[in-house]
There are 2 protein chains.
Amino acid sequence: MDNRFIRKLENFTRFSEADLKALEDASAQGIRRLGAREDIVLEGDEPRYVNLLLEGWACRYKQFQDGRRQIIAFFLPGDLCDPHIFTLRRMDHAVATLTPVTLARISQERIEAITTASPRVAETLWWAMLHTTAIQREWTVSLGQRSAVERLAHLFCELHLRLRAVGLTEATSYELPVTQADLADTLGLSSVHVNRTLQELRTSGQITWKGRRLTIHDLPALTALALFDPAYLHLDHEGAHLDAH
Amino acid sequence: MDNRFIRKLENFTRFSEADLKALEDASAQGIRRLGAREDIVLEGDEPRYVNLLLEGWACRYKQFQDGRRQIIAFFLPGDLCDPHIFTLRRMDHAVATLTPVTLARISQERIEAITTASPRVAETLWWAMLHTTAIQREWTVSLGQRSAVERLAHLFCELHLRLRAVGLTEATSYELPVTQADLADTLGLSSVHVNRTLQELRTSGQITWKGRRLTIHDLPALTALALFDPAYLHLDHEGAHLDAH
DNA sequence: CGGCTCCTTGAGCCCAGTCAAAGTCCGTGG
DNA sequence: CCACGGACTTTGACTGGGCTCAAGGAGCCG
């Protein structure tokens with residue numbers, strides 16, 4: 001299966017044929033391709049569509065007048081930006097691509113149609129939203145309490161599991177198509193310090209990061225260093241009681 | 001009106017008599033009183049009820065084995081903890097009181113009943129959840145990009161508007177019933193540094209904080225210092241098109 | 001009045017930031 | 001196939017915001 005969206009959602013529950021068809025149809029609507037570092041949604045925009053990321057990486061961010069920028073979240077393939085965003089009048093943050101991406105645009109009506117048609121799908125979109133907010137909380141914890149190495153290690157562990165959930169990892173490695181400056185804006189560090197912290201992880205033999213591919217050499221050790229507990233991702237088939245068949 | 005919950009929700013839309021009755025009834029269920037610094041929900045618990053905070057302050061938090069603690073969110077009177085939390089199997093964080101509180105416990109069935117009975121109420125609970133996650137994003141920005149003074153100033157501005165939305169401010173002041181250590185765990189600072197930063201705000205004439213009451217002497221100046229933009233709180237009657245009558 | 005808890009202050013240190021320059025990689029065009 | 005340019009990474013030297021440790025003060029409650 002190459003539909004990362006459905007693949008992600010099936011980490012919660014297994015769909016029926018009808019569910020699958022409805023989700024496939026929804027993710028084939030309004031396909032757009034964008035290049036790297038393009039804005040998808042601007043702060044202040046009126047929400048018009050739900051954007052579904054099919055390929056590539058994007059991010060939420062907020063930027064101050066003085067240039068400081070915080071990346072608030074990463075969108076990975078299969079991630080849906082805010083299924084209920086229509087309730088709000090204006091976007092309070094921006095969304096931009098990090099790499100070239102493929103997006104689907106899903107209308108409010110279609111979201112309503114597929115959730116009305118299947119309570120299982122409705123519940124699963126709820127789950128996706130709770131999963132997203134749980135990540136946001138964990139980022140709050142990282143920025144508030146973790147040191148530079150811990151933050152970096154934690155992010156690498158999180159990305160490993162999120163990408164694995166959509167089939168985008170090899171055994172111990174994955175594509176990490178962002179710059180050190182992006183990581184700096186994500187982790188609340190300077191890019192110089194991200195660079196030095198990466199070297200610390202490299203020389204201690206924890207990771208390799210060459211030509212966009214990150215390899216984790218000792219995941220248990222990195223997990224311990226990061227104080228990483230995967231429970232908050234809720235990727236462990238928690239909707240088993242809703243499974244089809 | 002002394003129902004802070006309804007008062008908060010009416011910052012989004014105006015309810016009908018039937019909506020009001022349903023919400024009043026829901027917030028009168030399973031009333032509990034707890035003292036200061038008691039846990040309401042533990043990390044790892046199975047979610048059983050939605051907790052509605054009627055009086056007092058509480059917080060979400062996460063704590064590491066080594067003692068580091070991050071307060072992830074404040075719950076103020078009228079705040080509802082996670083209306084859809086039942087979808088998840090286990091809590092990935094804890095909730096505790098900061099002051100003595102009064103809580104209502106709302107069951108999953110009742111939440112479903114009132115949202116099914118009134119699409120307006122359903123939409124408003126959606127709004128409340130989006131409001132909460134927007135605050136979480138802004139805290140991410142604060143911890144990632146704002147300096148100590150800016151973080152403190154930003155928090156004071158945010159609390160001012162959130163408390164005003166439920167009628168808990170005087171013109172320029174409000175009750176701030178937390179310790180400097182709590183603020184430290186919220187802002188990712190040490191309590192010593194919070195103390196020094198508070199003095200900076202005091203000696204520059206921005207605030208007074210005596211006997212639990214915080215007074216902001218020049219809100220525009222504090223807003224500017226904090227780079228505070230209230231848009232993310234979405235407290236500006238954004239559901240006007242849904243108003244009853 | 002004794003004993004909490006919380007706040008305040010001082011001294012010294014360190015993690016991470018800033019500034020600046022050089023090195024590397026990669027795509028593009030001649 | 002090489003030269004160029006731009007984006008990104010790496011390194012060095014220095015600075016500073018915020019941390020730690022520690023002790024003393026203030027307020028409050030029984």
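Lettering of chains follows the sequences in order, A, B, ..., and the numbering in each one begins at 1.
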(message) In this structure, how many angstroms lie between the C1' atom of D:dG17 and the NE2 atom of A:H193, rounded?
(response) 14 Å

(message) Angle between the end axes of the helix from C:dC1-D:dG30 to C:dG30-D:dC1, five pairs per end, to the nearest 10 degrees?
(response) 40°

(message) Under 4.0 Å, counting only non-hydrogen atoms across every strand here, what does B:L198 touch: a base, just sugar-phosphate, or nothing?
(response) nothing

(request) Find out whether B:D82 and B:V50 are in side-chain contact, i.e. whether some heavy atom of one side chain is under 4.5 Å from a heavy atom of the other. (result) no

(message) When you measure from the side-chain N and O atoms of B:R151 to the phosphate of D:dG18, is any distance below 4.0 Å, counting only OP1 and OP2?
(response) no

(request) Report which part of the nucleic acid B:S147 touches: base, sugar-phosphate, or nothing (heavy-atom distance under 4.0 Å, all strands). (result) sugar-phosphate

(request) Check the distance between D:dG12's P and A:N195's CG and give it to me in whole angstrom. (result) 11 Å

(message) It should be established whether A:Q180 places a side-chain nitrogen or oxygen under 4.0 Å from OP1 or OP2 of nucleotide D:dT10.
(response) yes

(request) Run the ring-centre check on B:W139 versus B:F74 and record whether the distance is less than 6.0 Å. (result) yes

(request) Determine whether A:E158 and A:L233 make a side-chain contact, defined as any pair of heavy atoms from C-beta on separated by less than 4.5 Å. (result) yes

(request) Taking the side chain as every heavy atom from C-beta outward, state whether A:Q70 and A:L143 have any pair of such atoms under 4.5 Å apart. (result) yes

(message) Any non-hydrogen side-chain atom of A:R162 less than 4.5 Å from a side-chain atom of A:D79?
(response) yes

(message) Suppose we call a contact any N or O donor and acceptor under 3.5 Å apart; does that hold for the side chain of B:R196 and the base of D:dG17?
(response) no

(request) Would you mind classifying the nucleic acid contact of A:S190 as base, sugar-phosphate or nothing, using non-hydrogen atoms under 4.0 angstrom? (result) base

(request) Just do the salt bridge (charged side-chain N to carboxylate O under 4.0 Å, His left out) check on A:E200 and A:R196 with the steps written out, would you? (result) CA-CA 6 Å; A:E200 196 178 325; A:R196 295 195 163 115; over 6 Å; no

(request) Considering only heavy atoms of chain B and a distance under 4.0 Å, specify the first and last nucleotide of DNA chain C in 5' to 3' order that meet this criterion. (result) C:dC6 to C:dA11

(message) Would you say CZ of A:R32 has more than 12 non-hydrogen atoms from neighbouring residues, nucleotides or ligands within 6.0 angstrom?
(response) yes

(message) Evaluate A:H217 against A:T208 for side-chain hydrogen bond (donor to acceptor under 3.5 Å, both in side chains), listing each step before the verdict.
(response) CA-CA 8 Å; A:H217 295 116; A:T208 313; 2.9 Å; yes

(message) If you take any heavy atom closer than 4.0 Å to DNA chain D, which residues from residues 202-216 of chain A end up in contact?
(response) A:R202

(message) Is there a side-chain contact (heavy atoms from CB on, under 4.5 Å) between A:L214 and A:H160? Walk through the geometry before answering.
(response) CA-CA 9 Å; A:L214 180 84; A:H160 175 74; over 6 Å; no

(request) Show your reasoning for whether salt bridge (charged side-chain N to carboxylate O under 4.0 Å, His left out) applies to B:R213 and B:E175. (result) CA-CA 5 Å; B:R213 179 154 290 264; B:E175 291 291 310; 3.1 Å; yes

